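Heads up: the structure comes next, in structure tokens.
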Amino acid sequence: MKEERLIGKGIIKTYGKKNVLNNVDIELEKGKIYGLIGRNGAGKTTLLSILAAQNPATGGTVTCNGMPVWENREALDHICFSREINPVTGYGANGYKVKDYLRAASVYMPNWDKELAGRLVKEFELDVKKRISKLSKGMLSMLTIIIALASKADYTFLDEPVAGLDVVMREYFYRTLLEEFAESGRTFVVSTHIIEEAAEVFEEVIIIDKGNVILKENTEELLERAVHVSGMAENVDKVTAGLKTFHEEKTGRSKGVTVLLGKGEKIPENIGVSLQQMSLQQVFVALSGKREE
Amino acid sequence: MFCACKSGAEVEEGMKGYFRSMFYWAYCMEILFFSMLGAIVLVIFIYIFITGDMDQVFQYTITYIPMFGVIYPVSSGMNMANMQVPLALSNGSTRKETACGFLVTMHAAMLQFWIVSAVCCVIIPAEHIPDDYLEMCGLLFLAGCGIGNGLGAVILRFGNKVGWIVYMFAMFILIGGAVAVSLLLGKDTVTAILNNSPIFVAGMVFDVLMSVAYYMGIKKYEVRI
């Protein structure tokens, strides 16, 4: 029986002398919603494009349900990468219409759900005759969402699908994503910068920083073990001795650090420090935020 | 004895992608082909309606058909490299499927233009048709195909700006060279040279080489935002 996973091992991607991905190992199980978060230029889109075999890796392998994905029709029929659509091409303004993109997707994707696509077009109030170059950023996002959801691919990647969407549409997207997930059990990987809103949707979060996957964990478990410790510097140091700390902030004699507790680790209480549970966004900033020299 | 051959089901699965690709590329190419053909027919009918001068109509027709038959593959090769190839790859088409879909349908469209020129030879009175018209058209279409594939390969590899620079340079060399050669050798000598079968073979070789270059361009293409 074939193992139902998408596995990337030792993925390396270089452009000239620049390392974009450094020996990335990643395993995506069937039937989960993953959040892929990282700073601009961290390598999110590059990773997704390699997993979807849209771009070749410099090194490493990617397999889907045990089959290599590169130039493999059988494997690629299970994967959809709905990337950001560009209103400008090398030829100038993108003269294609919304319906041209939907038609192309319907031809190439073997499980295309025409009814779902039609329903989403209506819900998003998207004019299918409008040219891509005339669409707003939000409308472009709507189109990528429609293609991703209607593809019915087992592994569906969405690259910043909510960029440009207003809050009402973002809520609608998350609701529709969860409904589709509940109905089909597909695997979704959603990359986003709007972390807090999406945190409730992500079963697992993958944090990528400078071409390395620095964390891949169940969201709930991560948030349970992420604690912000603040207080007088000597107390904070005492309490966090031997623990994994990140993102130190000093203000005079006060100090604050983020701690990711390991299994069985605990921070003693009543030692003159303040303990706060962290949000996913705070954890992300702590792990990959700008470090002061 | 263990056989490493693919099963029938695996082959069928693999071929599905090619059929899908061919279907979509044929759809895109045929829209363009019939748009161009429609434009030619419309211009001809308007001219007939206005002037009624059939001699001029015949002259324009036998000129426009090969002209569009060169413009079509050159613009297709460049346009598809900028628009359709990225779209196909971003929808999960493999590189082989994309290359196969484009190259087969592009050459099929060329064959269509050649068939149209053959139909013209039948419909239009013989006195209006130059000698070896079909062979000349075939050569022009092959050259157009080769140029279009070559320019498309440049765009895929180096981007649109470089593609347009090479295009302008190539047009300058081709048109300038054609005019210079005609002036130096005379029209009759040039026609005799072009009617030689080695030139036709050279045209086919050029087209094949450029098609390979196009495939290599697709193979190494990186889909980006």
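Being a predicted model, the structure only gives us computed values, none of them experimental. A note on names: the letters A, B, ... follow the listed sequences, proteins ahead of strands, and every chain is numbered from 1.
Annotation: B:Met36, atom CE; neighbour count of heavy atoms from other residues, nucleotides and ligands within 6.0 Å is above 12. In the displayed structure, B:Arg157 atom CZ is contacted under 6.0 Å by at most 12 heavy atoms of other residues, nucleotides or ligands. Enclosure of atom NZ in A:Lys32 by more than 12 non-hydrogen atoms of other residues, nucleotides or ligands within 6.0 angstrom is indicated. Sparse packing is recorded around CD of A:Glu115, with 12 or fewer heavy atoms of other residues, nucleotides or ligands lying under 6.0 Å away.
Interface remark: B:Ala88 contributes backbone and side-chain atoms alike to the contact with chain A (heavy atom separation under 4.5 Å). Neither the backbone nor the side chain of A:Ala52 comes within contact range of chain B; no heavy atom of the residue lies under 4.5 Å from a heavy atom of that chain. Only the side chain of A:Leu76 comes within less than 4.5 Å of a heavy atom of chain B; its backbone N, CA, C and O stay farther away.
Using a 4.5 Å heavy-atom cutoff, the side chains of B:Glu222 and A:Tyr15 are in contact. Proximity of A:Trp70 to B:Arg95: side-chain heavy atoms (C-beta onward) are separated by under 4.5 Å at one or more points.
For the residue pair A:Gln54 and B:Tyr221, no side-chain donor N or O sits within less than 3.5 Å of a side-chain acceptor on the partner.
A distance of 11.5 Å separates CZ in A:Arg103 from CG in B:Leu87, rounded to the nearest 0.5 Å.
Annotation: maximal heavy-atom pairing with chain A below 4.5 Å, among B:Asn79, B:Asn91, B:Leu89, occurs at B:Asn91. For the set B:Met78, B:Lys220, B:Met83, the entry with the most heavy-atom pairs within less than 4.5 Å of chain A is B:Met83. Counting heavy-atom pairs closer than 4.5 Å to chain A, the top residue among B:Ser93, B:Ser90, B:Gly92 is B:Ser90.
With hydrogens and angles disregarded, a donor-acceptor distance shorter than 3.5 Å links the side chain of A:Asn55 to the backbone of B:Val223.
Nearest heavy-atom pair, A:Pro110 versus B:Arg20, reported as atom, atom and distance to 0.1 Å: CB-NH2, 3.8 Å.
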Checking A:Tyr108 against B:Glu97 for the side chain to side chain contact (heavy atoms under 4.5 Å, CB included) test, could you report, in this order, the C-alpha distance in whole Å, the side-chain angles of both residues, the deciding distance, and whether it holds?
CA-CA 11 Å; A:Tyr108 283 108; B:Glu97 288 165 0; 5.6 Å; no
